[in-house]
Amino acid sequence: MALSTNRTAINHLLKPLTVSTRHLSSATITIETSLPFTPHKIDPPSRAVETNPKELMKFFNDMALMRRMEIAADSLYKAKLIRGFCHLYDGQEAVAIGMEAAITKKDCIITAYRDHCIFLARGGGLHESFAELMGRKDGCSKGKGSSMHFYKKESAFYGGHGIVGAQVPLGIGLSFAQKYSKEEHVTFAMYGDGAANQGQLFEALNMAALWDLPAILVCENNHYGMGTAEWRAAKSSAYYKRGDYVPGLKVDGMDALAVKQACKFAKEHVLKNGPIILEMDTYRYHGHSMSDPGSTYRTRDEISGIRQERDPIERIRKLILAHDIATEKELKDIEKEKRKVVDEAIAKAKESPMPDPSELFTNVYVKGFGVAVFGADRKEVRATLP
Amino acid sequence: MSAIIGRKMASKGILNMNQFLLGSRVFASRTFSSSAKEMTVRDALNSALDEEMSADPKVFVMGEEVGEYQGAYKITKGLLDKYGPDRVVDTPITEAGFTGIGVGAAYHGLRPVIEFMTFNFSMQAIDHIINSAAKSNYMSAGQISVPIVFRGPNGAAAGVGAQHSQCYAAWFAACPGLKVLAPYSSEDARGLLKAAIRDPDPVVFLENELLYGESFPVSAEALDSSFSLPIGKAKIEREGKDVTITAFSKMVGYALQAAEILAKEGISAEVINLRSIRPLDRPTINASVRKTNRLVTLEEGFPQHGVGAEICASVVEESFEYLDAPVERISGADVPMPYAANLERMAVPQVEDIVRAAKRACYRAEKSVRMAAAA
């Protein structure tokens, strides 16, 4: 069946992660995950995941867009249009996409600084992403945040945090508020294998378990905490077991359908039983950040091996082709389209101006009481806090 | 002329330890309206919490021993019975964890009141106070606001040693994004805590253990459940014309005593109760110094980079021509808090220190009996 691509570039900019076309069927296809789930103190969900052509095409579209965005960010950084820290997510897209497919925009997500693609998955736009990366006023944080501080409160995306591990207690706090307010929603608190050893994680997890909070801890294990391989940082790198009395599941994080199944399962579990840990076995192609080539502590063979065997987009492409949902050319056209859409978003973002100097002093407080605030030379630069 | 030292031993895990050996009462404010009632600071805080929890179901209290134990210092007494364990939450001894949980709950729209058993333990959670709470509204350009209160006793108690005696006013007040309040009297406690809970930004609320048992008159207005005090406004506790003394928390009482003594010697001291460390009420402080031309800053905490240093800088920047004498600074000693009673007395300001500094500022200093101590 033909893949209709009637959308214009403008539509892409307004609705960044577009759903596949109306000609695609919603007829259920059942696909087995690449690997079985490895459980800890729980019965794992089935390997058989229900999906449909529409969903598979959406996965492909969304991941292709994310991949393109991160690669474009790499170039922008090298062109010095992005400054400071820039942590890229390419390779890990299946986690963001699979999770989003299992939940609603009322379920909360919080993550650390590798947040661009989670922002997109939560409905964030390309223009506001690139503008933020380049420190422009159209950025999602008005240019005042940077790569590490993307937020989208209206779709329950709480950032975007720079302090490793801090986002986990914060996420458990989100789930505390959800339970307090008797919402039937859950929180996904994401962290890496590096953060998995943080004490505050265990402090907060203990409380989540004590109080039966609807918190899902998602360890995106890409096997390296910056330059330190997991076996050098953790006595036990079975992160899904590290909750001890808290049940866990190890998931192939490169398989979007496995991620979706695990997240759906986890959501049902925590609403009744308190927290669970999901360990997503995933991989980042880039180094820790743009300052890290990523090849001093891993071999190029390892990186290219993962790309060959486990790339998340390739996996979906093969599924789509195997089920005759689209042709190779159609998929390549989609990727070209994403490239175009990203390039246009970057061009538009480049035209966005820097924030007005008065923005230096806005948002320090919600309620500033008109108090005086000072710049570097208090006799020169002085304002009142709104 | 030795200062009052209330002795109350209260530390984690020790039950039934109250031994009040209070000396003479702290002088109360003289500028209140019709006051029939007296109230302890403890009851003032308790009633403020109770009323705010009653008014807004999103307000909840979280901390160690706040529930079943009725509060380590009984500030939350009775709240568990009234509001239940969902809103008065006992935590394990895990400050980093529960502070992060509180901030996360505030992100999602609740209004947490996080109690630190003392602010010394806030250091375990300070990353969440600063990086997760104070900065979020700015980094998110207004998307993520954090309507949270961090409260608890701050500064020296009596005989509790170096790790349990630090004043954190200067550290927290340095941070943009935080508001820092320090009540003195019961009206301060009620009005400022209510304001803090209603405020949409993160507020650090610095109480004082030795003030909890102090009684102060409270006006009818202050007893009303809608009462609150403005954040960022200091109070002139005692008007004067010769020298300005700024103070906060327990030191306000000492300053008032010093002012009485100075009055007998013909020096009229104006005592400013800061109430708000951040924002600092620079207009009130400067207006006072422009009137008196002399300033003594008073605080219990460490001197270097302290609250007094900021006040001094502010006055030098804005009212230099009005100063007739260098700014005097009275603070805690620049040492970790010792235990021995005589050393402890030397490590915190005493009334005679304040009197002496005020006289120096007025060029009426007595012959100095300087003590030179070798390191």
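Numbered from 1 within each chain, the chains take letters A, B, ... in sequence-line order. If you're wondering where the values come from, they're calculated on a predicted model, not measured in any experiment.
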**Request:** Report the residues that fulfil side chain to side chain contact (heavy atoms under 4.5 Å, CB included) with A/A383, sequence neighbours left out, ordered by chain and then residue number.
**Result:** A/F361, A/V373
**Request:** Could you please state which residues from residues 278-287 of chain B sit under 4.5 angstrom from chain A, measuring non-hydrogen atom to non-hydrogen atom, sorted by number, or 'none'?
**Result:** B/R278, B/P279, B/R282
**Message:** Report, in residue-number order, which members of residues 136-148 of chain B are under 4.5 Å from chain A by heavy-atom distance.
**Reply:**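 Residues of residues 136-148 of chain B touching chain A at under 4.5 Å: B/N137, B/Y138, B/M139, B/S140, B/A141, B/G142, B/Q143, B/I144, B/S145.
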For [X], is it the side chain, the backbone, both or neither that has a heavy atom under 4.5 Å from a heavy atom of chain B?
{"X": "A/E359", "result": "backbone"}
{"X": "A/Y365", "result": "both"}
{"X": "A/L174", "result": "both"}
{"X": "A/V371", "result": "side chain"}
{"X": "A/H149", "result": "both"}
{"X": "A/L385", "result": "neither"}
{"X": "A/Q198", "result": "neither"}
{"X": "A/F369", "result": "side chain"}

**Request:** Would you mind telling me which of A/K153, A/Q178, A/Q167, A/K142 has the largest number of heavy-atom pairs within less than 4.5 Å of chain B?
**Result:** A/K153
**Fill in**
In terms of heavy-atom pairs under 4.5 Å with chain B, the winner among A/L201, A/L360, A/L210 is A/L360
**Message:** I need the minimum non-hydrogen distance between B/S132 and A/A166, along with the two atoms involved.
**Reply:**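 Between these two residues, the closest heavy atoms are OG-CB, 4.3 Å.
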Most heavy-atom pairs under 4.5 angstrom with chain A, which of [options]?
{"options": "B/N131, B/T94, B/L178", "result": "B/T94"}
{"options": "B/G177, B/P200, B/P202, B/A96", "result": "B/G177"}
{"options": "B/E318, B/K179, B/K135, B/R87", "result": "B/K179"}
{"options": "B/G232, B/A106, B/P92", "result": "B/P92"}

**Request:** Would you confirm whether the ring centroid of B/H108 sits within less than 6.0 angstrom of the ring centroid of A/Y158?
**Result:**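 For A/Y158 and B/H108, the ring centres are under 6.0 Å apart.
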**Prompt:** Which region of B/K58, side chain (C-beta onward) or backbone (N, CA, C, O), has a non-hydrogen atom less than 4.5 Å from a non-hydrogen atom of chain A, or is it both or neither?
**Reply:**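 Backbone only.
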**Message:** Quick check on B/T91 against chain A: is it the side chain, the backbone, both or neither that has a heavy atom closer than 4.5 Å?
**Reply:** both
**Prompt:** If we only count heavy atoms from C-beta on, is the A/S181 to B/L110 side-chain gap below 4.5 Å?
**Reply:** yes
**Item:** Check: B/D201 side chain, A/K367 main-chain N or O, donor-acceptor pair, under 3.5 Å
**Value:** yes
Taking atom [atom1] of [X] as the centre, does the number of heavy atoms from other residues, nucleotides or ligands within less than 6.0 Å exceed 12?
{"X": "A/M226", "atom1": "CE", "result": "no"}
{"X": "B/K291", "atom1": "NZ", "result": "yes"}
{"X": "A/Y245", "atom1": "OH", "result": "yes"}
{"X": "B/F227", "atom1": "CZ", "result": "yes"}

Measuring from [X]:[atom1] to [Y]:[atom2], what's the distance to the nearest 0.5 Å?
{"X": "B/F60", "Y": "A/F176", "atom1": "CZ", "atom2": "CZ", "value": "4.0 Å"}
{"X": "A/W211", "Y": "B/I101", "atom1": "CH2", "atom2": "CD1", "value": "5.0 Å"}
{"X": "B/D90", "Y": "A/M207", "atom1": "CG", "atom2": "CE", "value": "12.0 Å"}

**Request:** Go through A/L170 and B/H128 one step at a time and tell me if the side-chain contact (heavy atoms from CB on, under 4.5 Å) criterion holds.
**Result:** CA-CA 9 Å; A/L170 294 172; B/H128 280 298; 4.0 Å; yes
**Request:** Would you list the pairs meeting side chain to side chain donor-acceptor pair (under 3.5 Å) in which at least one residue belongs to residues 370-385 of chain A, sequence neighbours left out?
**Result:**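 Passing the test, one end in residues 370-385 of chain A: A/R378-B/E317.
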